[in-house]
Amino acid sequence: MKRYTALVKGKSFCSYMLMGLVLLLLAGCSGGAAAGQNDNEAAKSAATSGDKAQSRIVATTVAITEITDALGLDLTGKPTSTKVLPDRYKDVPDVGNPMSPDMEKVMSLKPTDILSVTTLKYDLEPKFKDMKINAEFLNFESLANMQKEIQKLGDTFGKAEKAKEINEALDAKVAEIQQKIKGKKSPKVLILLGVPGSYLVATEHSYIGDLVKIAGGTNVVQGEKVEFIAHNTEALQQSNPDIILRAAHGMPDEVVKMFDEEFKTNDIWKHFNAVKNGHVYDLPEPLFGTTGNLAVNSALDELVKMLYPSN
């Protein structure tokens, strides 16, 4: 899907957009259930001293449920989501939004293993600790990190060979992509991550940034250590990217409208090569999430089409 984009301008919105995206991606809610704490710790103790086949796993994100399904693992709890989850888990109880799971519901399931992601750790870890719940935060911030976590899950829950099989298939896809782009000039790429009213720029340390690197693109933002940074349109124009990718999360339709409106009214975007040449693309959320997921093969295929539009 290909569209011209628009962004909110002005110096004053930098702090606002950081807050907006951080709240969206890292929001959580607290809760308390003293009676359930003893049950949870007892279950955890039983699992660590006994057979992992008896584990009661609660997965709190969609990406994790897809991976546990691929590994052939049963779940005791799953995230509440409008997205289609694996059919294996249709009768598994929901535990709430990935960014704000219902802690009391989680406790009631007596889990031995609770799985979340590192992008939510800052906000969720204190809440789990308050409930005396031991949660593990998986690093899905790059394909390589996701593969390490897949193998770790396989080793932990007796699915090591299946995990190896999944990772070998992912390695084969990367090799296929690298062969396909061999000899092609690396395009300069700007990645925008938007929420209603604001946006951030994704660095090569973000999951989408990692996919761009795998697909042979060069991120216009270099030298950063974090996943996302605030930026302004004047500085972005100086980088003059060949390709602009925009990812809309939280309320995608609203963000796309915001982008479109801003690109119509803010003349600065007309000077970008990517805009002049019509090389501005929306990234569909099912394929391009803020963290790694098993849609990576299809995402890489689509990304190559975007980064090399004349080939």
Side-chain angles (χ1 to χ4, degrees), residues 1-9 13-14 17-18 21 141-144 173-194 198-249 255-256 258-260 262-264 266-285 287-290 292 296 298-311:
M1 178 171 58
K2 176 177 178 180
R3 308 175 59 109
Y4 288 105
T5 65
L7 296 174
V8 175
K9 57 188 176 181
F13 87 108
C14 287
M17 65 188 177
L18 280 170
L21 190 62
E141 295 169 26
S142 70
L143 176 57
K173 186 63 182 182
V174 170
E176 174 193 326
I177 292 296
Q178 291 177 340
Q179 182 61 35
K180 186 177 296 187
I181 64 174
K182 188 176 181 179
K184 297 183 184 297
K185 181 180 178 181
S186 176
K188 294 188 298 180
V189 184
L190 168 64
I191 311 167
L192 307 172
L193 180 67
S198 64
Y199 80 98
L200 293 176
V201 176
T203 74
E204 61 184 353
H205 300 295
S206 66
Y207 172 63
I208 297 176
D210 183 57
L211 294 187
V212 166
K213 184 190 299 185
I214 292 171
T218 299
N219 198 309
V220 296
V221 178
Q222 296 290 322
E224 299 291 341
K225 296 182 179 180
V226 295
E227 292 181 87
F228 305 101
I229 62 171
H231 228 300
N232 59 61
T233 51
E234 288 78 11
L236 294 177
Q237 189 205 350
Q238 293 178 8
S239 69
N240 208 8
D242 302 304
I243 307 290
I244 295 178
L245 304 175
R246 63 180 195 180
H249 291 277
V255 172
V256 168
M258 176 197 75
F259 284 154
D260 283 339
E262 179 62 21
F263 252 50
K264 291 176 183 178
N266 188 350
D267 287 342
I268 194 170
W269 292 100
K270 298 177 183 178
H271 302 290
F272 282 65
N273 282 342
V275 176
K276 293 177 183 178
N277 298 324
H279 295 160
V280 182
Y281 304 90
D282 283 321
L283 302 179
E285 189 174 5
L287 295 184
F288 298 92
T290 54
V296 60
S298 297
L300 284 171
D301 284 337
E302 290 302 310
L303 200 52
V304 168
K305 295 176 186 177
M306 297 173 188
L307 299 192
Y308 309 95
S310 61
N311 294 281

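All values reported here derive from a predicted model rather than from experimental measurement.
In terms of heavy atoms, Ser186 sits closest to Gly217 at OG-C, 3.6 Å. Taking each heavy atom of Ala274 and Ile244 in turn, the nearest pair found is CB-CG1, 3.6 Å. Here the closest heavy-atom approach between residue Pro309 and residue Tyr281 is recorded as CB-OH, 3.5 Å. Taking all atoms of both residues into account, the shortest heavy-atom contact from Tyr308 to Ala215 is OH-O, 2.7 Å. The two residues Ile177 and Ile214 make their nearest non-hydrogen contact at CG2-O, 4.0 Å. The minimum heavy-atom distance between Ala299 and Leu287, with the atom names listed, is CB-O, 3.6 Å.
Between Leu200 and Leu192 the shortest side-chain heavy-atom distance does not fall below 4.5 Å. Within the 4.5 Å cutoff, the side chain of Ile191 has heavy atoms near those of the Val212 side chain. You'll find the side chain of Lys173 reaches within 4.5 Å of the side chain of Asp301, heavy atoms only. The shortest distance between side-chain heavy atoms of Leu245 and Phe288 does not fall below 4.5 Å. Contact annotation: the side chain of Val296 approaches that of Leu143 to within less than 4.5 Å [non-hydrogen atoms, C-beta and beyond]. For the pair Leu211 and Leu303, the minimum side-chain heavy-atom distance is below 4.5 Å. Between Glu227 and Glu141 there is a side-chain heavy-atom pair separated by less than 4.5 Å.
Using a cut-off of 4.0 Å between Lys/Arg side-chain N and Asp/Glu carboxylate O, Lys270 and Asp267 are scored as salt-bridged. Asp260 and Arg246 are joined by a salt bridge, as a carboxylate oxygen and a charged side-chain nitrogen come within less than 4.0 angstrom of each other.
Asp242 contributes atom CG, which lies 6.5 Å from atom CG of Asn273 (distance to the nearest 0.5 angstrom). Summarising the geometry, atom CG belonging to Leu307 is positioned 9.5 Å from atom OG1 belonging to Thr218; distances are rounded to the nearest 0.5 Å. Here the CD1-CE distance, from Ile243 to Met306, works out to 10.0 Å after rounding to the nearest 0.5 Å. Interatomic distance, NZ of Lys213 versus CD1 of Ile208, reported as 14.5 Å (0.5 Å rounding). Between atom CG of residue Leu190 and atom CD of residue Gln237 there is a gap of 12.0 Å, rounded to the nearest 0.5 Å. A distance of 5.0 Å separates CZ in Phe228 from OG in Ser206, rounded to the nearest 0.5 Å.
Considering only residues two or more places apart in sequence or on other chains, Lys305 meets the salt bridge (charged side-chain N to carboxylate O under 4.0 Å, His left out) condition with Glu302.
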message: Working note: Val280 + Val275, criterion side-chain contact (heavy atoms from CB on, under 4.5 Å); need CA distance, chi angles, decisive distance, verdict.
response: CA-CA 6 Å; Val280 182; Val275 176; 4.0 Å; yes
